[in-house]
Amino acid sequence: MRIKSQLYEKCMESLGSILPILVIVLLLSITIAPLSSGVFLMFFLGALLIALGMALFEIGVDLSLIPMGEGIGITLSKTRRKIIPLIVCFVLGALVTAAEPDLSVLASQVPSVPDMTLILAVSAGVGIFLVIARLRILFRIPLSRLLMFFYTLVLILAFCVPESFIAVSFDSGGVTTGPMTVPFILALGIGMASMRSDKDSGKDSFGLVSLCSIGPILSVMILGICYQPDGTVYSSAEILYAETTKEAAAAFGSQFAAYGREVCISLLPLLGVLLLYQVIFRRFSKYQLLQILIGFMYTSAGLLLFLTGANVGFVPAGQVIGSMVADGNTRNLLIPVGMVIGYFIVRAEPAVQVLTRQVEEISNGSISRGMIGQALSIGVAISVALSMLRILTGISVLWFLVPGYAAALILTFFVPPIYTGIAFDSGGVASGTMTATFLLPFAMGACESVGGNILTDAFGCVAYVAMTPLITIQCLGLYEKWKRQSKRRRFQTQLESCEDIILYYDEPDTFEGGIKV
């Protein structure tokens with residue numbers, strides 16, 4: 001009964017997240033970007049699958065990935081041997097990343113580098129940086145220092161990588177922090193930091209995702225320098241169209257098996273880690289273990305529905321709408337339309353829901369889900385606006401990435417540390433499946449319509465989506481810091497005023513000429 005009520009509640013939340021996108025697409029389809037009935041039908045069915053998939057996925061994450069990640073994190077923190085937790089962190093990071101469904105898609109789009117070479121390099125990058133994240137928590141190294149060092153290294157290497165490979169490098173950081181990786185790594189960080197009793201333990205539980213997003217960028221950049229892929233091209237996935245409800249159902253049905261295999265590949269390594277962990281440490285009771293296994297079933301079902309709905313239903317609509325908005329007299333509307341879509345679409349990311357909920361729990365409600373969600377929406381809206389501006393002008397992706405990351409790194413010296421961790425985690429979380437399946441096709445359709453270079457102009461959208469939340473959420477941290485300081489100053493002023501009154505009445509009476517002074 002409890003799961004049924006949770007499912008109903010999550011379904012309502014998911015429908016609320018996806019409804020604005022449905023309304024926007026409907027308005028566009030009857031005004032400036034008319035869609036065929038088949039494309040809109042595919043989009044509508046895809047939206048329903050996404051809503052149900054998000055609900056099942058969130059329930060599954062609560063039952064399986066979060067308890068499992070926290071349990072492993074706590075066990076690693078209790079281990080007295082220093083080297084074993086580092087080895088486990090590397091293996092876990094590499095396994096979870098190699099199993100991420102979107103990574104295989106990215107690898108297939110870079111023909112100048114063998115698929116397995118790219119997958120292994122990216123997986124090793126995440127594993128290494130998960131080890132660095134563990135050392136940061138252990139030695140209490142400020143996150144801002146590590147981010148400053150590694151992102152400076154990233155920006156320096158960006159000028160050494162072939163231009164056609166820059167977008168692949170930055171996009172890989174967003175691809176690897178997908179719906180499977182984020183919940184597990186977030187929970188792992190909470191578990192590792194929870195054994196510390198100091199006041200900064202909650203703050204240090206964030207930052208793992210942000211560090212793990214840097215690893216793929218560096219590793220793919222190094223691959224780009226080694227392979228010199230000047231001829232890199234992207235092979236777009238086949239887009240399925242349908243004209244009737246029967247054809248639409250057949251299109252979705254034909255993809256269930258393919259995405260089912262991806263989901264199984266994603267979950268099996270984690271399931272193996274769980275069973276091995278249980279055999280060695282016996283942490284979970286039989287009831288807890290059964291609950292986690294049931295959670296894996298919910299997670300797999302939700303992820304299957306979500307991936308199928310997003311990839312089959314949203315890709316055609318995104319590409320057609322982008323092409324029509326950028327065509328002819330409506331070209332000037334490309335930036336505002338893109339901003340509206342970006343503002344609402346980030347709310348439909350499953351990993352975003354997981355992050356905002358954990359932020360609220362760790363901060364004991366002082367940082368609400370609504371605050372983080374609003375900052376994320378504003379950040380993604382700005383990122384889509386920048387992406388559309390690039391498509392219209394053809395300027396390099398680095399024109400906004402370099403000053404954007406520079407601004408984000410400078411802000412780390414002025415905001416509370418917990419906001420820095422949340423901001424850089426949010427960058428990887430926001431650039432998830434919805435970005436790849438709707439915003440990126442939208443950008444590709446627009447770029448093709450204006451006659452731009454899809455390789456250099458359209459791609460990089462994921463990188464921008466990963467960048468702008470770093471600034472907006474840290475600006476939120478600055479605002480909250482200013483509010484606290486203002487409240488403290490007002491309280492101090494009131495306190496001093498009360499002290500003056502008390503001192504006045506405590507002074508002894510004095511008389512001058514018979515008159516009380």
Side-chain angles (χ1 to χ4, degrees), residues 21 24 102 105-106 109-110 158 163-178 213 216-217 220 232-237 239 310-311 314-323 325-326 334-346 348-349 352 376-402 404-405 426-450 452-472:
I21 303 300
I24 292 169
D102 291 342
V105 177
L106 177 70
Q109 293 176 341
V110 189
E163 185 179 358
S164 60
F165 212 66
I166 292 176
V168 182
S169 304
F170 280 96
D171 286 357
S172 65
V175 165
T176 51
T177 50
S213 298
I217 300 176
V220 176
T232 300
V233 294
Y234 284 86
S235 54
S236 58
I239 298 177
N311 286 282
F314 273 40
V315 170
Q319 190 161 336
V320 172
I321 291 174
S323 177
V325 172
L334 186 61
I335 292 177
V337 169
M339 290 183 70
V340 173
I341 293 174
Y343 181 87
F344 288 105
I345 202 167
V346 70
E349 286 284 0
V352 167
L376 274 174
S377 293
I378 293 173
V380 175
I382 295 172
S383 69
V384 179
L386 296 177
S387 299
M388 297 304 107
L389 181 61
R390 284 188 57 243
I391 289 172
L392 294 174
T393 59
I395 60 178
S396 171
V397 67
L398 293 178
W399 276 76
F400 295 117
L401 280 179
V402 173
Y405 274 109
S426 299
V429 170
S431 53
T433 307
M434 295 302 293
T435 301
T437 58
F438 193 85
L439 288 181
L440 192 54
F442 179 85
M444 292 176 65
C447 187
E448 187 176 6
S449 181
V450 302
N453 186 330
I454 291 180
L455 180 65
T456 57
D457 298 341
F459 285 90
C461 179
V462 177
Y464 281 178
V465 171
M467 175 194 69
T468 48
L470 314 185
I471 300 173
T472 56

| query | Can any side-chain N or O of Ser383 pair as donor or acceptor with the backbone N or O of Val380 at less than 3.5 Å? | reply | yes
| message | Under a 3.5 Å distance rule, please check whether Ser323 uses its side chain to pair with a backbone N or O of Gln319 as donor and acceptor. | response | no
Find the distance between [atom1] ([X]) and [atom2] ([Y]) and round it off to the nearest 0.5 Å.
X	Y	atom1	atom2	value
Ile345	Met434	CD1	CE	4.0 Å
Asn311	Thr437	CG	OG1	5.5 Å
Leu389	Phe400	CG	CZ	4.5 Å

| request: Carefully, step by step, assess Leu401 and Tyr405 under the rule side chain to side chain contact (heavy atoms under 4.5 Å, CB included). | output: CA-CA 6 Å; Leu401 280 179; Tyr405 274 109; 3.8 Å; yes
Which pair of non-hydrogen atoms, one from [X] and one from [Y], has the smallest distance, and what is that distance?
X	Y	answer
Ile391	Cys447	CG2-CA, 3.6 Å
Thr435	Ala430	OG1-O, 3.3 Å
Ala458	Leu440	O-CD1, 4.0 Å
Ser172	Val220	OG-CG2, 3.6 Å
Ser377	Val346	OG-CG1, 3.6 Å
Asp457	Gly394	OD1-CA, 3.9 Å

Looking at side-chain heavy atoms only, is the closest gap between [X] and [Y] below 4.5 Å?
X	Y	value
Val315	Phe438	no
Leu386	Trp399	no
Val397	Phe170	no
Val384	Ile341	no
Ile395	Arg390	yes
Ile471	Ile382	no

